[in-house]
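I have placed the structure first, in the form of structure tokens, so that the comments after it can refer back to it.
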Amino acid sequence: MSTDAIVLLKNDHKEIRKLFRAFRGAGPNADVEKGRIVDKIIEALTVHTYIENEGMYPRVRELVPALEDDILESFEEHHVADVLVGELSAMKPHDERFDAKTTVLIENVEHHIEEEEQEWFPKVREELGRKQLQEIGVRLLELKDKAPTSPAQPSALKKTVDAVIK
């Protein structure tokens, strides 16, 4: 398995996109299935945004100051996802706005993933060497082992609060 940070994050993106496709394909009356899929989306996004916010973004910000604006935008996009994830975690699949809120979350995250993969990751790869990306990747894997899996966990709540007060 590669420890290249960008490879690891792209692998997460693939899994998240797979969950999005499953949600979209579940059909209009599949409340139980949609609830199960959204639970997995919530867990995947909670872990993913945590490792990016705690590992990838701060390290790249330190090593490549020219990408500061991109990183700040990514923090904000994560904050929007965190708010939606928190709201979804308190909802039931039969709630009137469950599908709509999930759709908005998916659209926002897809936009974020697209920007990262098409614009940001190439810039990061150009600036950082293979060794640095592997070092960051090792840190991401360490963070993943202790990452929150629910938006209600203290480390996930701290990330959300940090987005408001920093």
Restricting to non-hydrogen atoms, name the atom on [X] and the atom on [Y] that form the minimum distance, rounded to 0.1 Å.
| X | Y | value |
| --- | --- | --- |
| P93 | G35 | CG-CA, 3.5 Å |
| A81 | V109 | CB-CG2, 4.2 Å |
| I16 | A44 | CG1-CB, 4.0 Å |
| T46 | P148 | CG2-O, 3.3 Å |

Indicate yes or no: does [X] engage [Y] in a salt bridge with an N to O separation below 4.0 Å.
| X | Y | value |
| --- | --- | --- |
| E43 | R36 | no |
| K131 | E135 | yes |
| K92 | D31 | no |
| K123 | D70 | yes |
| E117 | K10 | no |

Hey, what do you get for [atom1] ([X]) to [atom2] ([Y]), rounding to the nearest 0.5 Å?
| X | Y | atom1 | atom2 | answer |
| --- | --- | --- | --- | --- |
| D39 | L19 | CG | CG | 11.0 Å |
| F121 | L133 | CZ | CG | 10.0 Å |
| I41 | S89 | CD1 | OG | 13.0 Å |
| Q134 | I6 | CD | CD1 | 11.5 Å |
| R130 | R125 | CZ | CZ | 10.0 Å |
| E54 | K146 | CD | NZ | 8.0 Å |

Legend entry - Backbone of R139 reached by a side-chain donor or acceptor of K144 within 3.5 Å: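 Here the side-chain-to-backbone pair does not exist.
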Inset, instruction - Verify, without hydrogens or angle tests, whether D95 (side chain) and F98 (backbone) share a donor-acceptor contact under 3.5 angstrom. - result: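 No, the answer is negative, given that no donor and acceptor are paired below the 3.5 Å cut-off.
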Is there side-chain contact between [X] and [Y], with at least one heavy-atom pair below 4.5 Å?
| X | Y | value |
| --- | --- | --- |
| I51 | L9 | yes |
| L105 | L45 | yes |
| F20 | I37 | no |
| M56 | W120 | yes |
| E62 | Y57 | no |
| H79 | T49 | no |
| L84 | T102 | no |
| L8 | D12 | no |

Legend entry - Chi angles and distances behind the side-chain hydrogen bond (donor to acceptor under 3.5 Å, both in side chains) call for H48, E15: CA-CA 11 Å; H48 183 75; E15 292 305 311; over 6 Å; no
Legend entry - Side-chain donor-acceptor contact under 3.5 Å, H111 with E115: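 Note: H111 and E115 side chains meet the donor-acceptor criterion.
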Inset, instruction - Determine, stepwise, if the pair E142 / V138 fulfils side-chain contact (heavy atoms from CB on, under 4.5 Å). - result: CA-CA 6 Å; E142 291 168 356; V138 168; 3.8 Å; yes
Inset, instruction - Using the rule that two of Ile, Leu, Val, Met, Phe, Trp, Tyr join whenever any of their side-chain heavy atoms come within less than 4.5 Å, decide whether I113 and V7 are in one cluster. - result: no
Legend entry - Co-membership, hydrophobic cluster, residues V47 and F23, 4.5 Å side-chain: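 No, V47 and F23 fall in different hydrophobic clusters.
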Inset, instruction - Under the ring pair (Phe, Tyr, Trp, His ring centres under 6.0 Å) rule, collect the residues that match up with H112, sequence neighbours excluded. - result: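 Result, ring pair (Phe, Tyr, Trp, His ring centres under 6.0 Å) vs H112: H78.
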Inset, instruction - Report the C-alpha distance between V64 and R61 in whole Å, list the side-chain angles of each, state the deciding distance to 0.1 Å, and finish with yes or no for side-chain contact (heavy atoms from CB on, under 4.5 Å). - result: CA-CA 5 Å; V64 191; R61 190 177 191 183; over 6 Å; no
Inset, instruction - Check the pair L63 / R59 against side-chain contact (heavy atoms from CB on, under 4.5 Å), numbers first and verdict last. - result: CA-CA 6 Å; L63 296 170; R59 188 70 175 127; 3.7 Å; yes
Inset, instruction - Evaluate whether atom CZ of R24 has more than 12 neighbouring non-hydrogen atoms of other residues, nucleotides or ligands under 6.0 angstrom away. - result: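 Yes, enclosed.
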